[in-house]
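Down below is the structure, laid out as structure tokens.
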Protein chains: 2
Amino acid sequence: MPATRPNLRQIADSLGLSVTTVSRALKDGPEVHPKTVARVKEAAAAAGYVPNLRGLALRTGRTHAITAVLPLEARAYLSDIARLPLIEGMTVAARARGYTLAIQSPLPEEDPLEALRKIVHLGASDGVVITRMTEEDRRVAWLEQNGVPFATFGRSAGASLHAYVDIDNHRIAREAAAHLAAAGHRRIALQLLSGTDVSSADRLEGYRAALATAGLAADPALVGRDDFSLEASQTSFARMLDEADPPTALICASELGLLGAIAALRQRGLVPGTDVALIARDNTRLCGYLSLPVLAHRVDMALAGETLVAALAGRIETPAAPPLRTVIAPGPLEAAG
Amino acid sequence: MPATRPNLRQIADSLGLSVTTVSRALKDGPEVHPKTVARVKEAAAAAGYVPNLRGLALRTGRTHAITAVLPLEARAYLSDIARLPLIEGMTVAARARGYTLAIQSPLPEEDPLEALRKIVHLGASDGVVITRMTEEDRRVAWLEQNGVPFATFGRSAGASLHAYVDIDNHRIAREAAAHLAAAGHRRIALQLLSGTDVSSADRLEGYRAALATAGLAADPALVGRDDFSLEASQTSFARMLDEADPPTALICASELGLLGAIAALRQRGLVPGTDVALIARDNTRLCGYLSLPVLAHRVDMALAGETLVAALAGRIETPAAPPLRTVIAPGPLEAAG
DNA sequence: TTCTCAATTCGTAACGTTACGATTTTCAGA
DNA sequence: TCTGAAAATCGTAACGTTACGAATTGAGAA
């Protein structure tokens, strides 16, 4: 920015020292006389000196910024309410570690790898957090090949090696389906994302595992894949409800999905949560204030964001250390509120 | 990031040209032979060249990043749900204009001016968006003195000159109070932020204007200043409701405030929206799903975010042009949903 | 006084880019 | 073939910082 800010040269000139000595003094270099260190630090503080990140970045290659590639336009990814604590968690954790968080929202029509390549080549950050992982994510391979520090939200297939934070989607869906089966439900519907997200695959697996354990058949017609707008969700559930053997329980995948399900039920004169059991994706505040008997797991998205940044910071600062891999356990399945 | 990315020198060497010529060719400099321009562009595309922002920033002073100073930890500022569309609007608009949005969440204990000074002196962005404006905001004076491009969310006292986007809080509170007065309410409570935010001052003024027009006295005991957690809001409203002459209508300031009010009412066996009228701050999705007779203005926070970035981009790119000043009009007071 | 060695301090180069002035090449006209 | 101007290209410096090796200073010993 155009603000004329003090730089090393000005401080050096004002003290009759060289730029080199001032630079070293400010980072307590052992070669600088203690008295000089004190003088320099005093002058720097008086002048309000802050090291210029642009020069620093060019010289050292470190920008002290991290970039999160997080779709914000697409309503399909993460519920509205789950997104904010994730961003908050990342921002706060980044700041606490001396980083700035930059958010890049990829355009839906862009090739994810190409978009990522551009972001990395800009060289404006020390590492990236990527989201919306697919099974064989080409981005992971590319990042690894190019030695770019990264952490992913959600595992990818080759997840044995890289830093990631994941929600235990398998367990969440499994517990949800198991609970419903134990309550006597035989026709349990599951809502998934429309893409090839790993999270959806995990949820589907967990759901099937629970059904198998309960001795129930898995009916593909009961697995909805819509893109999680309220309307799409409503349509999707409505179709299931209008079939010959409709579901008596729904496992939703976002609060928009939940609201869509409620709309579809009300449209048919059914009482949500009573006539048809409902399990929400996250136990968000919204669920609690629906005044409906809805169950949900509480998932700490802020913690997920913080852990993501911690994992990325680890890759940046100690590349030799093993990557941090975390699966966030959900809280117990409980009455939403 | 450590990725070895192509730079101008490599492209120049591979073509037997100088760095200067390649640099000029890539931006269609008129001094370069058209055939050379074509050759250079082809080679650059083949190599996947992306200009390095670090070098560019150092040379040109432009970082193509903007920083939004937005408190994310403090629950007191902006409702949870209103924050996300604001961030989304800013991110998307920034990206559309070739900027990256960085979010800096100031720590509550930090001096706002000092924190801003550090952010600016880092030189990591071309301009800043600041929020939580106070009447005589020292940050505005400092930014102006130092020639830093900026836009504010909310006006400050000397707002005649700088770029800002504001919500018409005066009108929102005025219409809310007027509507309640017209419905026969005589004791109308208003909830405000606890700080010295301009938005709260505007709301208070609008509220008082409506009461005066309706010939009602303004009772200071009916103006709550809490910090907008659900609990604080509940306590604050509870105190009012337990007084000798309790309010029969509440104008809330966030959805958390609304939920706190509902909790306080239910605690006393009162039916929210029926026994005591409620007007919410924003017509968020949550309000609609409360299944209560709640009124609210719809405020387009995503538009506010987009407009903020547009205003800031204007300051950065055409400093001579008059600053963009926008007041976002709310939608009509309507049944929430 | 002079020498030696350690303690300080300094100057230069480099990161990748663009601006500016200098230099080379090209080609029409004599 | 030569001249000269226009066209095209090149080299150098600079943005602010740090790393490296060189240069200077000072104190104690001979």
How would you label the contact of B/V19 with the nucleic acid (heavy atoms, under 4.0 Å): base, sugar-phosphate, or nothing? base
Identify whether any heavy atom of A/G29 sits under 4.0 Å from a base atom; if not, whether one sits that close to sugar-phosphate; answer base, sugar-phosphate or nothing. nothing
B/T91 backbone acceptor or donor facing A/S105 side chain under 3.5 Å: no
Given 3.5 Å as the limit, does a donor-acceptor pair link the side chain of B/N146 with the main chain of B/V148, or not? no
How long is the line joining [atom1] of [X] and [atom2] of [N], in whole Å?
{"X": "A/L58", "N": "C/dA14", "atom1": "CG", "atom2": "C1'", "result": "9 Å"}
{"X": "B/L26", "N": "C/dA19", "atom1": "CG", "atom2": "P", "result": "13 Å"}
{"X": "B/L53", "N": "C/dT18", "atom1": "CG", "atom2": "C1'", "result": "14 Å"}
{"X": "B/L15", "N": "D/dA8", "atom1": "CG", "atom2": "P", "result": "17 Å"}
{"X": "A/N52", "N": "D/dC15", "atom1": "CG", "atom2": "C1'", "result": "9 Å"}
{"X": "B/I11", "N": "C/dT17", "atom1": "CD1", "atom2": "C1'", "result": "13 Å"}
{"X": "A/K35", "N": "C/dT8", "atom1": "NZ", "atom2": "P", "result": "11 Å"}
{"X": "A/L17", "N": "D/dT25", "atom1": "CG", "atom2": "P", "result": "14 Å"}

Nearest to the side chain of [X], which nucleotide is it out of [options]?
{"X": "A/L56", "options": "C/dT9, D/dT17, C/dG21", "value": "D/dT17"}
{"X": "A/K27", "options": "C/dT8, D/dT9, D/dT18", "value": "D/dT18"}
{"X": "A/L8", "options": "D/dG16, D/dT17, D/dC20", "value": "D/dT17"}
{"X": "A/E31", "options": "C/dT18, D/dT17, C/dT9", "value": "C/dT9"}
{"X": "B/R59", "options": "C/dG11, D/dC15, D/dT17", "value": "D/dC15"}
{"X": "B/N7", "options": "D/dT17, C/dT17, D/dT9", "value": "C/dT17"}

Looking at A/G123 and A/T63, what are the two nearest heavy atoms and their distance? O-CG2, 3.5 Å
Specify the residue among A/P34 and A/T20 whose closest nucleotide of DNA chain C lies further upstream toward the 5′ end. A/P34
At under 4.0 Å, does any side-chain N or O of [X] touch on OP1 or OP2 of [N]?
{"X": "B/T36", "N": "D/dT9", "result": "yes"}
{"X": "B/S23", "N": "C/dT18", "result": "yes"}
{"X": "B/Y49", "N": "C/dT17", "result": "yes"}

Does B/E88 form a salt bridge (Lys or Arg N to Asp or Glu O under 4.0 Å) with A/R83? I'd like the steps, not just the answer. CA-CA 11 Å; B/E88 287 184 353; A/R83 258 184 270 198; 3.4 Å; yes
For A/S18 and A/T21, test the side chains for any donor-to-acceptor distance below 3.5 angstrom and give the result as yes or no. yes
Going by an N to O cut-off under 4.0 Å, is there a salt bridge joining A/D111 and A/R138? yes
Donor-acceptor pair (no angle test) under 3.5 Å: B/S18 side chain, D/dG11 base: no
Select from A/V50 and B/R24 the residue whose nearest nucleotide in DNA chain D is closer to the 5' end of that strand. B/R24
